[in-house]
Amino acid sequence: MKASAIIVAAGSGRRLGCDLPKAFVPLGGHPMLYYAIRAVAAVKDVTEAVITLPAEMLSEGRSVVRGTGVDIPVKLTPGGAERQDSVRIALELVSAESDVVVVHDAARPFASPRLFEESIRAAYLAGGAIAAIPVSDTLKQVDGNAIVATAPRIGLYCAQTPQAFRRELLMRAHRDASRDGIAATDDAELVERTGARVAIVDGSSLNFKITTRDDLALAQALIAAGLPT
Ligand code: CTP
Ligand code: MG
């Protein structure tokens, strides 16, 4: 079984508000993107990676890849306007020999190689599989600043990446979404629309997405405390 990894890193990081695009913001002595590249390259079944980048960061991206010392082939491409566009563009560059494609956010530097392995394996069997964690807080529906309802959290999960799918299923899901004008914030939603089964594998609260300055500060502290990456 062969898998290709897509690392989406083309966002600007507006909510983080740094001078550099988010994937290039330093974290523990490396650009954030470094960690996702190292994690996917450590997975035996992953034979190549495709990385989406802001158009002006392609040569910077190449030097980040070089700095990782990984030995799988890595293709770099400018991303699109939205995350979904970036994944669609990257999919065009994925080898037709791959059985499974695993999509991962560069903004999640703490995803373990094992989490990739589990999602790839489950996708190969089920069609699709994503890392997710159960919702642990109580959910409130709010209007203005007042609560209007409490939503039952039973059965609710927070979706993370990696998200792995059989290659042809993910390609079809993106084609259908383009045809139907559907915009989604993750790939699983597009695959769910096709009627295919998408399984859950156990994500981790450490696999959080760096979105705000607080997230970045937490990530820095975790690395300083010796969290393995
Ligand atoms: N991404 C991408 N192409 C886009 C938008 C996002 O490849 N057009 C990537 C980001 O680089 C990130 C991942 O998708 O690794 C998740 O997106 P998000 O956390 O929203 O990152 P940004 O879009 O960069 O952040 P913001 O929304 O705050 O601008
Ligand atoms: Mg975004």
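Just so it is clear, the values below take in all heavy atoms, side chains as well, and ignore hydrogens, waters and symmetry mates.
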J.: Between Asp186 and Gln160 (side chain of the first, backbone of the second, donor and acceptor by atom type, cut-off under 3.5 Å), is there such a pair?
T.: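 Between the backbone of Gln160 and the side chain of Asp186 there is no qualifying donor-acceptor contact (under 3.5 Å).
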J.: Per the ring-ring contact (aromatic ring centres under 6.0 Å, His included) rule, what does the pair list look like for residues 10-29, sequence neighbours excluded?
T.: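 Every candidate ring-ring contact (aromatic ring centres under 6.0 Å, His included) pair involving residues 10-29 fails, so no pair, neighbours aside, qualifies.
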J.: Run the side-chain contact (heavy atoms from CB on, under 4.5 Å) check on Asp187 and Arg83 step by step: do they pass?
T.: CA-CA 9 Å; Asp187 295 284; Arg83 183 187 185 283; 3.0 Å; yes
J.: How would you list all residue pairs meeting salt bridge (charged side-chain N to carboxylate O under 4.0 Å, His left out) that involve residues 108-129, not counting sequence neighbours?
T.: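 Residue pairs passing salt bridge (charged side-chain N to carboxylate O under 4.0 Å, His left out), neighbours aside: Asp45-Arg121, Asp105-Arg108, Arg114-Glu118.
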J.: How close do Gly203 and Leu115 get, heavy atom to heavy atom, and via which atoms?
T.: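 Taking Gly203 first and Leu115 second, the nearest heavy atoms are CA-CD1, 4.2 Å.
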J.: Is there a chain of hydrophobic side chains (I, L, V, M, F, W, Y, each step under 4.5 Å between heavy atoms) that links Ile89 to Leu53?
T.: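 Per the 4.5 Å side-chain linkage, Ile89 and Leu53 are not co-clustered.
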J.: State the CZ-OG1 distance between Arg15 and Thr211, to the nearest 0.5 angstrom.
T.: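 Those atoms lie 5.0 Å apart.
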J.: Verify whether the ring centers belonging to Phe208 and Phe110 lie closer than 6.0 Å.
T.: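 Ring centroids of Phe208 and Phe110 are less than 6.0 Å from each other.
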J.: Determine whether Val40 and Pro162 make a side-chain contact, defined as any pair of heavy atoms from C-beta on separated by less than 4.5 Å.
T.: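 Answer no - side chains too far apart.
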J.: Between Ala36 and His104, which heavy-atom pair has the shortest distance, and what is it?
T.: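 Closest pair (atom of Ala36, atom of His104, distance): CB-CD2, 3.8 Å.
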J.: Test side-chain contact (heavy atoms from CB on, under 4.5 Å) on Val74 and Thr68 and set out the steps.
T.: CA-CA 11 Å; Val74 179; Thr68 62; over 6 Å; no
J.: What residues, two or more places apart in sequence or in another chain, satisfy side-chain hydrogen bond (donor to acceptor under 3.5 Å, both in side chains) together with Lys44?
T.: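 Residues passing side-chain hydrogen bond (donor to acceptor under 3.5 Å, both in side chains) with Lys44: none at all.
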J.: Within a strict 4.5 Å, meaning less than it, do heavy atoms of the Leu216 and Met32 side chains meet?
T.: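 A side-chain contact exists here, since the closest heavy-atom pair is under 4.5 Å.
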J.: Report yes if some heavy atom in the side chain of Phe165 is under 4.5 Å from a heavy atom in the side chain of Leu190; otherwise report no.
T.: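 No; the side chains remain at least 4.5 Å from each other.
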J.: Taking all heavy atoms of Ala126 and all of Ala199, pick out the closest pair and write down the distance.
T.: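 Of all heavy-atom pairs spanning Ala126 and Ala199, the closest is CB-CB, 4.4 Å.
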J.: Checking the side chain of Gln163 only, and the main-chain atoms of Ile130 only, is there a donor and an acceptor separated by less than 3.5 Å?
T.: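 Checked: no pair found.
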J.: Is the side chain of Arg166 donor-acceptor paired with the backbone N or O of Tyr124 at a distance under 3.5 Å, no angle test?
T.: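 Indeed, once roles are kept as given, a pair shorter than 3.5 Å links the two residues.
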J.: Please give me the minimum heavy-atom distance between Ala159 and Ala132, naming the atom from each residue.
T.: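 Distance-wise, the nearest heavy atoms are CA-CB, 4.3 Å.
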J.: For the side chain of Arg153 and the backbone of Ser136, is there at least one donor-acceptor N/O pair under 3.5 Å apart?
T.: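 Pair found, side chain donor or acceptor close to backbone of Ser136.
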J.: Please check if the side chain of Arg167 supplies one atom and the backbone of Ala96 the other of a donor-acceptor pair under 3.5 Å.
T.: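 Between the backbone of Ala96 and the side chain of Arg167 there is a qualifying donor-acceptor contact (under 3.5 Å).
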J.: So, do Val50 and Val101 sit near enough that their side-chain heavy atoms are less than 4.5 Å apart?
T.: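 In short, these two side chains do not touch, never coming nearer than 4.5 Å.
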J.: Do Leu156 and Ile133 land in one hydrophobic cluster if side-chain heavy atoms of ILVMFWY residues count as linked below 4.5 Å?
T.: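 Hydrophobic grouping puts Leu156 apart from Ile133.
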J.: Can a donor-acceptor pair be found, under 3.5 Å and without considering hydrogens, that links the side chain of Lys22 to the backbone of Leu16?
T.: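 Not confirmed, Lys22 side chain does not pair with Leu16 backbone.
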J.: Applying salt bridge (charged side-chain N to carboxylate O under 4.0 Å, His left out), name anything that partners Glu56, two or more places apart in sequence or on another chain.
T.: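 With sequence neighbours excluded, Glu56 shows a salt bridge (charged side-chain N to carboxylate O under 4.0 Å, His left out) to no residue whatsoever.
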J.: Taking C-beta and beyond as the side chain, do Leu27 and Gln220 meet within less than 4.5 Å on heavy atoms?
T.: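 Yes. Closest side-chain heavy atoms under 4.5 Å.
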J.: Can you find a pair of side-chain heavy atoms, one from Val94 and one from Met171, that are under 4.5 Å apart?
T.: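 Heavy-atom side-chain distance check fails, nothing below 4.5 Å.
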J.: So Ser98 and Glu48, do their side chains get closer than 4.5 Å, heavy atoms only?
T.: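 Heavy-atom side-chain distance check passes, below 4.5 Å.
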J.: Looking at Ala184 and Gln84, what are the two nearest heavy atoms and their distance?
T.: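 Heavy atoms of Ala184 and Gln84 come nearest at N-OE1, 2.7 Å.
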J.: Stepwise, does the side-chain contact (heavy atoms from CB on, under 4.5 Å) test hold for Val191 with Leu170?
T.: CA-CA 6 Å; Val191 173; Leu170 184 59; 4.0 Å; yes
J.: Quick one: do Val102 and Leu76 end up in the same hydrophobic cluster if we chain Ile, Leu, Val, Met, Phe, Trp and Tyr together by side-chain heavy atoms under 4.5 Å apart?
T.: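 In one cluster: yes.
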J.: Report yes if the side chains of Arg172 and Leu169 come closer than 4.5 Å at any heavy-atom pair, otherwise no.
T.: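 Yes. Closest side-chain heavy atoms under 4.5 Å.
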J.: Does atom CZ of Arg193 have more than 12 heavy-atom neighbours from other groups under 6.0 Å away?
T.: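 More than 12 within 6.0 Å, yes.
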J.: Determine, using the 4.5 Å side-chain heavy-atom cutoff (strictly less than), whether Val100 and Ile200 are members of one ILVMFWY cluster.
T.: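 As far as the 4.5 Å side-chain criterion goes, Ile200 and Val100 are not connected within one cluster.
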J.: Give, for atom CG of Leu91 and atom CD1 of Ile6, the distance between the pair rounded to the nearest 0.5 Å.
T.: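 The CD1 atom of Ile6 is 4.0 Å from CG of Leu91, to the nearest 0.5 Å.
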J.: Only one of Leu93, Ile37, Thr77 passes side-chain contact (heavy atoms from CB on, under 4.5 Å) with Ile51; say which it is.
T.: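 Output: one option passes, namely Ile37.
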J.: Would Leu58 and Val70 show up in the same hydrophobic cluster when neighbours are defined by side-chain heavy atoms closer than 4.5 Å?
T.: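 Cluster IDs for Leu58 and Val70 match.
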J.: Do other residues, nucleotides or ligands put more than 12 heavy atoms under 6.0 Å from Asp180 CG?
T.: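 Atom CG in Asp180 is packed in, count exceeds 12.
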J.: What distance do Ile120 atom CD1 and Asp99 atom CG have between them, rounded to the nearest 0.5 Å?
T.: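 Rounded to the nearest 0.5 Å, the CD1-CG separation comes to 11.0 Å.
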J.: With a sphere of 6.0 Å drawn around CD of Glu168, does it hold more than 12 non-hydrogen atoms of other residues, nucleotides or ligands?
T.: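 Open.
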J.: Are there over 12 heavy-atom neighbours, none belonging to Ile154, within less than 6.0 Å of that residue's CD1?
T.: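 Open.
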J.: Sequence neighbours left out, what passes side-chain hydrogen bond (donor to acceptor under 3.5 Å, both in side chains) with Thr212? Give chain and number order.
T.: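 Expected list: Asp215.
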J.: Within the side chain of Thr52, is there an N or O that forms a donor-acceptor pair under 3.5 Å with the backbone of Ala9?
T.: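 Checked: pair present.
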J.: State which residues pass ring pair (Phe, Tyr, Trp, His ring centres under 6.0 Å) with His174; sequence neighbours excluded, sorted by chain then number.
T.: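 Ring pair (Phe, Tyr, Trp, His ring centres under 6.0 Å) list for His174, sorted by chain: empty.
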J.: Compare every heavy atom of Gly11 with every heavy atom of Pro21, then report the nearest pair and how far apart it is.
T.: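 Nearest heavy atoms, Pro21 then Gly11: CB-O, 3.8 Å.
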